[in-house]
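Worksheet for the structure shown next.
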Amino acid sequence: MTATHTVKLRFADGAIRALEVGAEQTVLDAALAAGVPLLHQCRSGSCSSCLSHLVEGEALPRPGSSSTLLASEFAAGQRLLCVTQPKGDCTFELGYGSEEGAQPVVEAHAFVNAIEPIASNVVKLSLELAEGSWLACRPGQFIQVEVPGAGVLRSYSPVSTEADLPRLDLLIRLLPQGAMTSWLTCGAKVDDVVRITGPYGAFFLREKRRAPHIFVAGGTGLAPVLAMIDRIRQLGGRKPPMLLSFGCATPDVLFYLDELELRRQWLPTLETRICVDRGSNGDFHEGSPVSALTAADVRDPDTVAYLCGPQGMIDAATQRLIELGVAPENIFSEQFVPSN
Ligand code: FES
């Protein structure tokens, strides 16, 4: 007889689902086999979509698997369910509601509407879904784009929201020798067709939270954060206090400053801090967007934070926000990893 362990999954909406997980199974495989919708994408420990928190029992990575979790995150109980096997009965908490994983991934085609350089190393790619196609993301989630002619996939979080559909706007950082960069700078033209799939990811706005929001974005990590702020603007009712700390390396590579100023005017509860690592000349905060955070920014213990940018910025922001009093379970993050 094969041993199984009872695994409880506690969702953010209070729902609890219990599963029997076989000795050789991962929690994600068992959940999907049992019809329990969990957010996931790569199924190989690399995208963090299936992140959960182990609150009872013991669960370890499947032998031979790899994962993007830091040792400190693992020690704090974080687990990627696609590569996690229970070693006894255990309980995991999920940072989303029990129905949110049921969102189906779809494939769609889209036309290129415009290709607009918005900084020396960032292009805004505007797509329009082909007739009959529909692909809606929660603000913060990402899609995958197949680079025409290269046959490789690249992941981007739209800066536009569902209200803008069928238009989908992406902010794309140009990388030397990048497949997407080569296409955008050498071959792409209006009316080209691209294949996209999505939505993916567990990094999305928790719309019911009314506590203050802190957003920390580095470079094109601004895209998902701006989609979240726009979604909050579109939602009815009182807006939470919001702080956006956004940074780039130098003033000449900053982008979307007019767009941010517009949001500030539309949303009186939004404060923006623009940061550059160097060369601010007094116009911007000099330092990382994490260094612009102060103790006065966290007065409410229920403060929610959304972080998007390179891994080093995410780690520093997480540590700083916890020091300032933000609860770890109220910090949501998405790192971006440049692909070459
Ligand atoms: S599904 Fe990508 S890390 Fe688990």
Side-chain angles (χ1 to χ4, degrees), residues 5 7-12 17 19 21-22 24-55 57-87 90-107 135 137-138 140-146 152-158 196-204 221 224 306-311 314-315 318 328-329 331-339:
H5 301 299
V7 168
K8 284 189 191 146
L9 300 170
R10 250 192 243 154
F11 292 88
R17 300 289 303 268
L19 309 166
V21 182
E24 302 300 317
Q25 269 185 313
T26 65
V27 178
L28 178 69
D29 287 343
L32 297 181
V36 178
L38 294 184
L39 289 172
H40 66 284
Q41 187 224 340
C42 69
R43 301 181 78 158
S44 61
S46 59
C47 74
S48 298
S49 295
C50 62
L51 186 68
S52 70
H53 191 233
L54 177 69
V55 290
E58 189 186 1
L60 297 172
R62 184 179 55 202
S65 63
S66 60
S67 112
T68 51
L69 281 186
L70 303 173
S72 56
E73 292 171 331
F74 185 86
Q78 294 191 18
R79 295 290 186 275
L80 297 175
L81 293 181
C82 67
V83 291
T84 294
Q85 294 179 326
K87 295 297 152 198
C90 49
T91 303
F92 296 90
E93 281 181 353
L94 289 311
Y96 51 90
S98 53
E99 292 307 316
E100 294 183 286
Q103 190 184 26
V105 168
V106 297
E107 179 180 327
L135 197 168
C137 291
R138 294 191 183 99
Q141 286 188 304
F142 66 92
I143 62 170
Q144 289 196 319
V145 181
E146 186 176 313
V152 295
L153 301 174
R154 294 291 180 259
S155 301
Y156 302 101
S157 295
I196 58 178
T197 55
Y200 298 112
F203 181 65
F204 55 80
Y306 296 92
L307 324 173
C308 189
Q311 180 70 55
I314 303 261
D315 294 345
T318 303
E329 62 271 22
I331 300 174
F332 304 96
S333 63
E334 180 100 306
Q335 61 165 300
F336 53 66
V337 183
S339 317

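Counting starts at 1 for both ligands and their atoms, in listed order. Since this is a predicted model, take the numbers as computed values, not measurements. Residue indices begin at 1 and follow the sequence shown.
Thr26 and Asp29 form a side-chain donor-acceptor contact under 3.5 Å, judged by distance and modelled atom types alone.
Sorted by chain and number, the protein atoms of type N, O or S within less than 2.8 Å of atom 2 (Fe) of ligand 1 are Cys42 SG, Cys47 SG.
Expressed to the nearest 0.5 Å, how far CD of Gln335 lies from CD of Gln311 amounts to 4.0 Å. Put simply, CG on Leu39 and CZ on Phe203 are 13.5 Å apart, with the number rounded to the nearest 0.5 Å.
Ser44 pairs by the side chain to side chain contact (heavy atoms under 4.5 Å, CB included) definition with Cys42, Ser46, not counting sequence neighbours.
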**OP:** Mind running side-chain hydrogen bond (donor to acceptor under 3.5 Å, both in side chains) on Glu107 and Thr197 for me, showing each step along the way?
**Re:** CA-CA 4 Å; Glu107 179 180 327; Thr197 55; over 6 Å; no

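The aromatic rings of Phe332 and Tyr306 sit parallel, their planes meeting at an angle under 30°, below the 60° perpendicular limit.
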